[in-house]
Amino acid sequence: MTITHQSALTALRERPERIAGQAAERLRADGVPLDDARVLILGAACEPGVPDVRESPALRLLGLLAARGADVRYSDGHVPRLTLDGQELWSVTDPHEEPWDLVIVHTVHPGDDLGWLDTVPQVLDTRYRLRSPAPAPLR
C-alpha cells in the first residue's frame, strides 16, 4: 500500500469526526449547543441510488452526534430503517415538516428534492451536491 493510498484511507476513516466537529462549530456560531440541537443527516446510504448502509460514514456520524448529546435523526428514501448500536432507527419521511437546527447533506439520491433546505438555518454540504447560493461546503 502506498503512502498516498494509506493517507487517503486514513482521511476517509477520520471524516465523520471532522464533520461532527464542523457541525458543532456551526451550531455554536448560531448559539445552539450541540447537546440541545436537532440535527438531520440527509442520506444514510453509502452511495447515491442504493439502499446499502454497510460501511457508510453516516452511521459513524449518527453515533458521534448522538454520543455528544444531539437529537440526531436521518432521512433516506432508500433506507427506511437501520440498526445502530443495537437500536433500530427509522428514516424521517417528511423532513421538510420538522424544525432542524442543522441538516448535514450526506448522500443525495437521484430525484431527491432539496428545495426545502432553503428553510433550514444551517446546512452542511459534505458531498458538494448543492448549487449556489447554498451554504459553503465542508472543507
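The first residue in the sequence is number 1, and the count goes up from there.
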Do Leu64 and Leu84 belong together in a cluster built from hydrophobic side chains that touch within less than 4.5 Å?
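No, because Leu64 and Leu84 fall into different hydrophobic clusters, even though each may have its own neighbours under 4.5 Å.
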Does Val105 belong to the same Ile/Leu/Val/Met/Phe/Trp/Tyr cluster as Val92, with side-chain heavy atoms less than 4.5 Å apart forming each link?
yes
Begin with the C-alpha distance, continue with both residues' side-chain angles, and end with the deciding distance and a verdict on side chain to side chain contact (heavy atoms under 4.5 Å, CB included) for Tyr74 and Val79.
CA-CA 9 Å; Tyr74 83 97; Val79 183; 4.0 Å; yes
Which donor-acceptor pairs under 3.5 Å do the side chains of residues 45-53 make with protein atoms, sequence neighbours left out?
residue	atom	partner	partner atom	Å
Asp52	OD1	Arg54	N	2.9
Asp52	OD1	Arg54	NE	2.9
Asp52	OD2	Arg54	NE	3.4
Asp52	OD2	Arg54	NH2	2.8

Nearest heavy-atom pair of [X] and [Y]: which atoms, and what distance?
X      : Y     : answer
Pro33  : Gly31 : CD-O, 3.6 Å
Ala70  : Val39 : CB-CG2, 4.3 Å
His106 : Ala58 : NE2-N, 3.4 Å

Less than 4.5 Å apart, any side-chain heavy atom of [X] and any of [Y]?
X      : Y      : answer
Asp76  : His109 : yes
Leu102 : Val123 : no
Leu114 : Leu42  : yes
Ile104 : Leu40  : no
Leu124 : Arg26  : yes

Apply side chain to side chain contact (heavy atoms under 4.5 Å, CB included) to the pair Trp116 and Glu97, showing each step before the final yes or no.
CA-CA 9 Å; Trp116 63 275; Glu97 293 182 2; over 6 Å; no
The complete set of side chain to side chain donor-acceptor pair (under 3.5 Å) pairs with one or both residues in residues 79-90, sequence neighbours excluded, reads Arg81-Glu88
Under-4.0 Å salt bridge between Arg38 and Asp71
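Looking at Arg38 and Asp71, the cut-off is met.
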Side chain to side chain contact (heavy atoms under 4.5 Å, CB included) involving Asp113 - partner list, sequence neighbours excluded:
none
Going from CZ on Arg60 to CD1 on Ile19, what distance comes out if it is rounded to the nearest 0.5 angstrom?
11.5 Å
Would you give the length of the straight line joining atom OG1 of Thr107 to atom CG of Asp112, rounded to the nearest 0.5 angstrom?
9.5 Å
As a test of understanding, state which of Leu27, Asp30, Val32 forms a side chain to side chain contact (heavy atoms under 4.5 Å, CB included) with Gln122.
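Answer after filtering Leu27, Asp30, Val32: Asp30.
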Verify, without hydrogens or angle tests, whether Ser75 (side chain) and Ser91 (backbone) share a donor-acceptor contact under 3.5 angstrom.
no
